[in-house]
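Only one structure is covered here, and it is reproduced in the block below.
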Amino acid sequence: MVTRVKQRMVATRLLQALPILVLATFIVFSLMQLIPGDVAVTLAGENASVERIAQIREAYGLNQPFLAQYGQWLWNAAHGDLGVSLLSGEPVGDTIARTFPNTLMVALYAVILSVLIGVPLGIISATRSGSPLDSGIMGAASLGVAVPNFWFGMILVLYLGLTLKWFPATGFVSPFEDFSQAIWFATLPALALCTNGIAEVARQLRSSLVEIQSSQHVRTLHAKGLSPARILWLHGLKNVSVNLLTVVGLLFSKILAATVVVEAVFAIPGIGSSIVNAVLQGDFPVVQGAVLAMVITVIVVNLATDLLCTVLDPRINEL
Amino acid sequence: MSSETLSPSRASGTPDADQWHEPALPMRFLLWLKRDPRASISLLVLVLILGAALLSPWLAPHSPSEQNLDLILAPPDAAHLLGTDDLGRDVFSRLMYGGANSLYAALLAVIVALVIGMPLGLIAGFAGGWVDQVISRVIDTFLSFPAIILAVAVTGAMGIGLTNAMFSVGLVFAPQIARLIRARTLVVRQELYVDAARCFGASKARLLIRHVLPNAIQPVIVQSTLLLAVALLAEASLSFLGLGVQPPDVSWGSMIARGYLYMSIVPEQMYAPGLIIMVTAVAFNALGESLRSALDPTMKGHG
């Protein structure tokens with residue numbers, strides 16, 4: 001049952017998220033102000049006629065004050081209108097709808113792999129803390145944090161893709177067309193993305209479990225004759241699950257960011273590669289729209305994990 | 001006024017007292033390296049890599065742009081330790097020159113983060129009230145942006161190139177520094193000696209620079225060391241995407257990108273830049289962790 005204390009905390013968190021959401025839209029919009037010189041000239045591209053520049057200035061409301069421009073943009077964005085691509089003319093909303101699910105699928109896959117691989121490693125490390133196995137796992141974790149994941153992706157392409165042919169080297173199948181094929185194609189990118197996640201999940205789990213093992217109440221349980229395995233499952237993991245949830249929430253944001261580079265390696269038609277292409281070609285409405293979509297996703301995911309932690313954490317009731 | 005007349009006596013008194021209790025800083029540093037093998041090994045690795053990068057104009061066997069079109073994509077041999085790239089340039093020499101660019105880029109990003117983040121954190125923590133509220137909300141918002149994506153977008157707006165790219169990365173890191181400094185400032189400003197200095201009429205600026213900053217700096221040193229590793233990886237990512245270093249300049253990230261193009265012919269060419277990034281990042285992380293346990297009294301013995 002969700003108590004009054006928790007209800008109030010959930011309400012506070014929701015209210016706190018609101019200014020962040022508004023500020024985030026403001027920052028995304030302000031990015032345009034960083035373009036040096038006359039924005040309309042930049043947006044119009046090379047060799048644009050004077051009429052074209054004037055047209056752009058009009059279309060983007062660039063002759064209006066900054067805050068009015070922001071208000072207009074936010075109003076349109078709230079109604080699903082993020083403008084159109086300067087190059088293809090495709091509405092930015094459509095670009096996001098076309099590419100974002102692909103990115104989300106790969107990112108989620110990587111998060112799931114991080115947990116599936118990281119949790120057992122963390123438990124092994126914690127139950128045998130101080131052993132060579134523990135040192136080995138923690139050593140591998142420090143490599144996992146430091147490896148450039150796009151480079152690791154290339155190594156995977158080379159060995160598991162091209163040499164051993166276990167997985168398709170590059171390319172992508174939409175999860176809406178053929179789900180099993182989609183998973184098949186997304187495996188190498190997800191593996192490339194999850195090194196950091198595995199390392200962080202394993203480290204966090206290990207340190208929380210080691211801390212709990214040396215705590216008073218676990219020592220009491222030992223004294224009462226409970227088996228170590230039972231203590232681990234019933235008392236250790238239950239207590240660290242909230243910590244773990246926070247780590248996974250943060251992980252999602254990191255992995256989502258890393259897709260920008262990894263998508264380029266695997267030629268995945270995701271939102272990351274749309275951002276990079278748009279940046280390289282100066283297609284600013286696409287950059288703004290796609291970054292906004294990602295930021296809002298991250299804010300919502302962070303908020304959701306935060307709320308879930310509040311609801312799940314048994315200690316909060318005591319406050 | 002009164003604080004000015006007081007400071008000379010304290011300035012002459014404090015160092016003596018310190019020397020009485022513990023050895024001078026260089027000695028303490030050496031003792032730390034002796035006690036902590038992780039710190040000394042990672043520092044040694046970093047000095048070697050930095051040395052090779054900085055001295056590349058004198059040490060590198062070839063110029064990074066010297067083309068030898070008769071010897072394209074050659075495997076490693078005595079003259080070319082890591083082979084040659086698609087324009088017949090010596091990969092080993094490029095790795096040394098590229099290191100200079102990559103390390104410069106990482107350092108630039110961290111300096112930008114410090115220059116923006118430290119004043120913001122100090123002001124937020126020291127001013128309190130609505131100033132703190134506003135700055136903290138902005139920090140929270142920036143922290144909710146996926147870092148690399150914001151850096152890509154800012155680079156796109158400011159213009160492509162290594163300096164702009166790393167300025168963006170620094171901008172993205174700045175909130176982390178600001179949050180850290182703010183938290184420390186909140187703690188330090190409640191200390192008795194800060195109150196005492198305030199009673200003697202020390203100005204706000206003096207309080208910040210003389211008392212709060214020195215006491216808030218240790219976690220920042222640790223965080224900056226750890227950020228160097230992240231910045232190095234960010235440089236690699238941005239240069240790989242073509243947003244960072246532009247040809248004919250070279251960095252470890254752009255070398256990986258080039259190696260990927262010719263992966264099916266000379267797969268071994270993409271190993272070296274990736275491995276050196278990983279080794280350098282591991283060394284920065286290890287050094288940061290060691291510094292953390294050395295500087296933070298509550299962590300002593302956990303190292």
Side-chain angles (χ1 to χ4, degrees), chain A residues 16-17 19-24 26-28 30-36 42 142-143 145-152 154-155 157-159 162-163 253-262 264-265 271-272 275-276 278-284 287-288 290-291 294-295 297-299 302-303, chain B residues 133-134 137-138 140-160 164 168 171-172 226 229-230 232-238 240-243 252-253 256-257 259-260 263-264 267-268 270-271 273-275 277-286 289 302:
Chain A
Q16 279 170 346
I20 291 187
L21 209 57
V22 175
L23 256 177
F26 185 74
I27 291 168
V28 170
S30 311
L31 284 176
M32 192 104 104
Q33 298 297 309
L34 290 172
I35 302 177
T42 314
S142 51
L143 292 185
V145 182
V147 67
N149 39 30
F150 63 98
W151 176 73
F152 185 58
M154 294 171 189
I155 306 277
V157 168
L158 185 59
Y159 285 99
L162 297 175
T163 311
S253 160
K254 275 192 183 175
I255 286 179
L256 200 62
T259 55
V260 172
V261 200
V262 170
V265 173
I271 198 166
I275 292 178
V276 173
V279 162
L280 287 170
Q281 294 163 338
D283 193 350
F284 228 71
V287 177
Q288 277 185 327
V291 171
M294 280 196 144
V295 172
T297 310
V298 168
I299 291 177
N302 285 348
L303 185 66
Chain B
Q133 282 292 320
V134 169
R137 286 295 86 74
V138 172
D140 286 349
T141 311
F142 267 101
L143 286 176
S144 64
F145 275 74
I148 281 284
I149 291 174
L150 186 58
V152 165
V154 174
T155 310
M158 292 201 310
I160 289 161
N164 279 353
S168 316
L171 194 70
V172 173
L226 298 174
V230 190
L232 193 71
L233 294 174
E235 183 282 323
S237 299
L238 291 171
F240 171 74
L241 292 173
L243 300 169
W252 290 339
I256 295 182
Y260 190 51
M263 183 175 68
S264 47
E268 60 286 350
M270 66 184 198
Y271 297 155
L275 282 174
I277 290 172
M278 189 158 82
V279 168
T280 315
V282 167
F284 276 132
N285 282 333
E289 293 297 331
H302 283 263

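Letters A, B, ... mirror the listed sequences (proteins, then strands); counts begin at 1. Fair warning: this is a prediction, and the values are worked out from it, not measured in the lab.
- Proximity to chain A (any heavy atom under 4.5 Å) is shown, for A229(B), by neither the backbone nor the side chain.
- Ranked by heavy-atom pairs under 4.5 Å with chain A, the list I148(B), L241(B), V154(B), L150(B) is led by L241(B).
- Using a 4.5 Å cut-off between heavy atoms, L162(A) contacts chain B through its side chain alone, with no backbone atom that close.
- Summarising the geometry of I277(B) relative to P148(A), their closest heavy-atom pair is CG2-CG, 3.6 Å, with the distance given to 0.1 Å.
- Considering every non-hydrogen atom in both F284(A) and A157(B), the closest pair reads CZ-CB, 3.6 Å.
- Of all the listed residues (S237(B), A151(B), A257(B)), the one sharing the greatest number of non-hydrogen pairs under 4.5 Å with chain A is S237(B).
- For L21(A), no part lies near chain B; criterion is any non-hydrogen pair under 4.5 Å.
- Here the shortest heavy-atom pairing between S253(A) and P146(B) reads O-CB, 4.1 Å.
- Of the atoms belonging to V147(A), heavy atoms from both backbone and side chain fall under 4.5 Å from chain B.
- Chosen from V28(A), T163(A), I27(A), L280(A), the residue pairing most often with chain B at heavy-atom distances under 4.5 Å is I27(A).
- Residue contact with chain A, scored on non-hydrogen atoms closer than 4.5 Å, is absent for F284(B).
- For chain A, the nearby parts of I256(B) are the backbone and the side chain; heavy atoms of each come within less than 4.5 Å.
- Residues L158(A) and M270(B) are in side-chain contact: their nearest non-hydrogen atoms beyond the backbone lie under 4.5 Å apart.
- Atom CD1 in I155(A) sits 5.5 Å away from atom OH in Y271(B) (nearest 0.5 Å).
- When heavy atoms are compared at a cutoff of 4.5 Å, V145(A) approaches chain B by way of both its backbone and its side chain.
- Looking at V265(A), the atoms closer than 4.5 Å to chain B (heavy atoms on both sides) sit in the backbone and in the side chain alike.
- Listed here is the closest heavy atom pair of M154(A) and M263(B): O-SD, 3.9 Å.
- Your options are G274(B), A236(B), G156(B), and the one with the most heavy-atom pairs under 4.5 Å with chain A is G274(B).
- When the candidates V262(A), V22(A), N302(A), L143(A) are compared by the number of heavy-atom contacts under 4.5 Å with chain B, L143(A) comes out ahead.
- Between the OG1 atom in T259(A) and the CD1 atom in I149(B) there is a gap of 5.5 Å [rounded to 0.5 Å].
- Side-chain atoms of I20(A) and S144(B), non-hydrogen and from C-beta on, do get closer than 4.5 Å to each other.
- No side-chain donor-acceptor contact under 3.5 Å links W151(A) to the backbone of L275(B).
- Both the backbone and the side chain of V138(B) come within contact range of chain A, each with at least one heavy atom under 4.5 Å from a heavy atom of that chain.
- Annotation for T141(B) and A24(A): closest pair CG2-N, 3.4 Å, computed over non-hydrogen atoms.
- Most heavy-atom pairs under 4.5 Å with chain B: of the set I275(A), V291(A), T297(A), V279(A), this distinction falls to V279(A).
- Taking every heavy atom of both residues into account, R137(B) and P19(A) meet most closely at CD-CG, 4.3 Å.
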